[in-house]
Amino acid sequence: MLRRFVLTAVVALVVQQAVRYWFFMDYHKTKTILHHRPGPCRHLEGADGGSEDLTVLDNGMAFISSGYCSWVRGRILLYDFNNSSQKVKELPIVSSSLDQSDLSFHGLSVWQDSATEEITLMVINHATLEDRIEVFRFLKENQTLLHLESITSPKLTDMNDLVMTSNRSFYITKYTTLRDYLRLELLLMLKYGEIFYYDGSDFRSVTGGLHMPNGINVSPDHRFLYVSEYGRKQLKSYRIVGTELEHVEDLFLDTLVDNIEIEPETGDLWVGCHPIHYYLMDYADIGSKSPAPSQILRVKTSDGKFTEAVEVYYDSGYELEASTVASVYKGKMIAGTVVSQLIVCDLVYTD
């Protein structure tokens, strides 16, 4: 009797996990794609190798991280919205210590000092077994990046994105624990993800129990922190109290939410998403010819709570493959991808 009970319980757990995984991979979703654009879109040349993360400053300069995958050289790119005829260009790195032949850039964040207008950029570098945070100063006069330092810690095992809260401090997401066995962690749906805070000298965990936390950003007034929980297909909102986090609410979106950018004037979240998971997994396999669909959402908030989510862009992957991020500037939207192209669209309509 006991053996039968245990066997039944094990089978029930396996079936439950299989069903959860089926829906997590989006095998139930239709293959029919309804294309949706906010207006005319065009590709930007110069972003070969991807545009996994980006952020746009108030002056229209967009900083872009490229080369997330190991077979592509890591670069920081620049696009100027004020010069629409200009291509995306690589920013030269000035450094005596950084091995520029071995860079794998992922999430990035930029901090501009309100008094001096000095621009500091931080980007996650996966080039070594332990991730590093590379810190740069942007030199406007010759448009180069001066490498200041590499921030290291044994806690930086598989980080995804970060958001700066000063030129020295930031929040950062720890995406997985089983770095070399990502698909196993996906299959078992392990909730080992964390958010760390770096105070300029040390890292500490400020929340855990997350299933693959991905993008992260703060509200324009720095009162709230927003995180995309990739593994649960939802956005999370936290109130920042000192440097600690108080959970506000979650918003389930039924799509794999990636990086988050914040519209300064409205506080709206612009989120790059992967709407059909198994297409993305096929696309991640080198040599696969299956395009991965792209989706961009605009999420409105009020006092840290999510009030409305609008789909602004949806594509089968032939125009934009595997969208990871989007941001806006003066009626234009720029959107990046895992390892391929970069586009700019006119925002004719977004509601």
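No experiment lies behind these values; they were computed from the predicted model shown. Numbering starts at 1 and runs along the sequence shown. Basis for what follows: all heavy atoms, side chains included, without hydrogens, waters or symmetry-related copies.
- Taking the six-membered ring where tryptophan is involved, the planes of Phe81 and Tyr329 are tilted, since the angle between them lies from 30° to 60°.
- Looking at heavy atoms from C-beta onward, Leu269 lies in side-chain contact with Leu235 at the 4.5 angstrom threshold.
- Formation of a donor-acceptor pair under 3.5 Å by the Tyr230 side chain with backbone atoms of Gly215 is not found in this model.
- Although no hydrogens or angles enter the test, the distance criterion places a donor-acceptor pair under 3.5 Å between the side chain of Ser228 and the main chain of Asp258.
- Connection of Val88 to Ile343 is not established within any shared hydrophobic cluster, with ILVMFWY side chains joined at heavy-atom distances below 4.5 Å, either directly or through further cluster members.
- Aromatic pair Phe138/Phe63: centroids less than 6.0 angstrom apart.
- Defined by atom type and a distance below 3.5 Å, a donor-acceptor pair is missing between the side-chain atoms of Gln295 and His274.
- No single ILVMFWY cluster, assembled from side-chain heavy atoms under 4.5 Å apart, contains both Leu256 and Leu210.
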Stepwise side chain to side chain contact (heavy atoms under 4.5 Å, CB included) check, Gln234 with Leu251: CA-CA 5 Å; Gln234 65 183 8; Leu251 175 65; 5.8 Å; no
Salt bridge (charged side-chain N to carboxylate O under 4.0 Å, His left out) assessment of Arg204 paired with Glu194: CA-CA 10 Å; Arg204 74 173 189 278; Glu194 294 180 80; over 6 Å; no
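- Between Lys174 and Lys155 the shortest side-chain heavy-atom distance does not fall below 4.5 Å.
- A donor-acceptor pair under 3.5 Å is formed between the side chain of Asp53 and the backbone N or O of Leu108.
- Of the possible donor and acceptor atoms, one in the side chain of Ser323 sits under 3.5 Å from a partner among the backbone N and O of Cys273.
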Test log, rule side chain to side chain donor-acceptor pair (under 3.5 Å), inputs Arg73 and Ser101: CA-CA 7 Å; Arg73 182 174 64 90; Ser101 66; over 6 Å; no
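- Using modelled atom types, no side-chain atom of Thr301 and backbone atom of Gly304 make a donor-acceptor pair closer than 3.5 Å.
- Remark: the Thr176 side chain and the Asp158 side chain contain an N/O donor-acceptor pair separated by less than 3.5 Å.
- Here the CG-CD distance, from Leu148 to Glu134, works out to 10.5 Å after rounding to the nearest 0.5 Å.
- With values rounded to the nearest 0.5 angstrom, Thr307 atom OG1 is found 8.0 Å from Asp268 atom CG.
- When atom types are taken as modelled, the side chain of Gln100 and the backbone of Ile93 share a donor-acceptor pair closer than 3.5 angstrom.
- Ser51 places a side-chain N or O within 3.5 Å of a backbone atom of Thr337 that can act as its donor or acceptor partner.
- Side chain of Ser104 to backbone of Ala127: no donor-acceptor contact under 3.5 angstrom is found.
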Worked check of side chain to side chain contact (heavy atoms under 4.5 Å, CB included) between His106 and Met159: CA-CA 9 Å; His106 201 170; Met159 316 314 281; over 6 Å; no
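- In terms of heavy atoms, Asn160 sits closest to Pro213 at CB-O, 4.1 Å.
- Side-chain atoms of Asp161 never come within 3.5 Å of backbone atoms of Asn259 as a donor-acceptor pair (strictly under, hydrogens ignored).
- Taking each heavy atom of Pro220 and Pro264 in turn, the nearest pair found is CG-O, 3.6 Å.
- Between Glu249 and Lys305, no side-chain nitrogen of the basic residue sits less than 4.0 Å from a carboxylate oxygen of the acidic one, so the salt-bridge criterion is not met.
- Note that CG of Leu78 and OG1 of Thr144 are 11.5 Å apart. Values are rounded to the nearest 0.5 Å.
- Across Tyr313 and Cys41, no two heavy atoms sit closer than the pair CE1-SG, 4.1 Å.
- We find the CD-CG distance between Glu229 and Asn214 to be 10.5 Å, quoted to the nearest 0.5 Å.
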Derivation of the side chain to side chain contact (heavy atoms under 4.5 Å, CB included) call for Leu162 and Met122: CA-CA 8 Å; Leu162 75 163; Met122 294 186 182; 3.8 Å; yes
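- Contact detail for Leu57 and Gln112: the closest heavy-atom pair is CD1-OE1, 4.0 Å.
- A 4.5 Å side-chain heavy-atom check between Val206 and Phe196 finds every atom pair outside the cut-off.
- Environment of CG in Asn82: crowded, with over 12 heavy atoms of neighbouring residues, nucleotides or ligands closer than 6.0 Å.
- Enclosure of atom NZ in Lys140 by more than 12 non-hydrogen atoms of other residues, nucleotides or ligands within 6.0 angstrom is indicated.
- A 4.5 Å side-chain heavy-atom check between Tyr318 and Pro291 finds at least one atom pair inside the cut-off.
- With a 4.5 Å cut-off on side-chain heavy atoms, Val135 and Ile151 count as touching.
- Here Asp303 pairs with Arg223 in a salt bridge; the nearest charged N to carboxylate O distance falls below 4.0 Å.
- Relative ring orientation between Phe203 and Phe170 is described as perpendicular, the plane-to-plane angle rising above 60° on a 0-90° scale split at 30° and 60°.
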Test log, rule side chain to side chain contact (heavy atoms under 4.5 Å, CB included), inputs Ile240 and Val218: CA-CA 9 Å; Ile240 301 174; Val218 295; 4.2 Å; yes
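- Put simply, the side chain of Tyr314 does not reach to within 4.5 Å of the side chain of Ser294, judged on heavy atoms.
- Ser66 contributes a side-chain N or O that, together with a main-chain N or O of Gly50, makes up a donor-acceptor pair within less than 3.5 Å.
- The shortest distance between side-chain heavy atoms of Ile172 and Ile216 does not fall below 4.5 Å.
- Between the side chains of Ser65 and Glu52, no donor-acceptor pair is found at a separation under 3.5 Å.
- Considering every non-hydrogen atom in both Thr255 and Pro275, the closest pair reads OG1-CA, 3.2 Å.
- Taking CG from Asp102 and CG from Leu98, the interatomic distance works out to 9.5 Å, rounded to the nearest 0.5 Å.
- Taking CG of Leu245 as the start and CD1 of Ile195 as the end, the distance is 6.0 Å to the nearest 0.5 Å.
- A salt bridge links Arg37 with Asp315; the closest basic N to acidic carboxylate O contact falls under 4.0 Å.
- When hydrophobic clusters are built by joining Ile, Leu, Val, Met, Phe, Trp and Tyr residues whose side-chain heavy atoms come closer than 4.5 Å, directly or via intermediates, Leu320 is not grouped with Ile334.
- Counting only heavy atoms from C-beta outward, the side chains of Val110 and Thr120 never approach each other to under 4.5 Å.
- With a 6.0 Å radius and a threshold of 12 heavy atoms from other residues, nucleotides or ligands, Arg168 has its CZ atom above the threshold.
- The 12-atom threshold is exceeded at CD of Glu149, counting heavy atoms of other residues, nucleotides or ligands nearer than 6.0 Å.
- Two different hydrophobic clusters hold Val163 and Trp270 under the rule that ILVMFWY side chains link at heavy-atom gaps under 4.5 Å.
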Full working for salt bridge (charged side-chain N to carboxylate O under 4.0 Å, His left out) between Arg298 and Glu308: CA-CA 8 Å; Arg298 180 183 191 179; Glu308 183 181 10; over 6 Å; no
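- Residue Gln143 comes nearest to Leu91 through the heavy atom pair O-CD2, 3.4 Å, listed as atom of the first residue, atom of the second, then distance.
- A single hydrophobic cluster is seen to contain both Leu253 and Val248, as judged by linkage of ILVMFWY side chains at heavy-atom distances under 4.5 Å, directly or through other members.
- Inspection of the Thr55 and Glu261 side chains reveals an N or O donor paired with an N or O acceptor under 3.5 Å.
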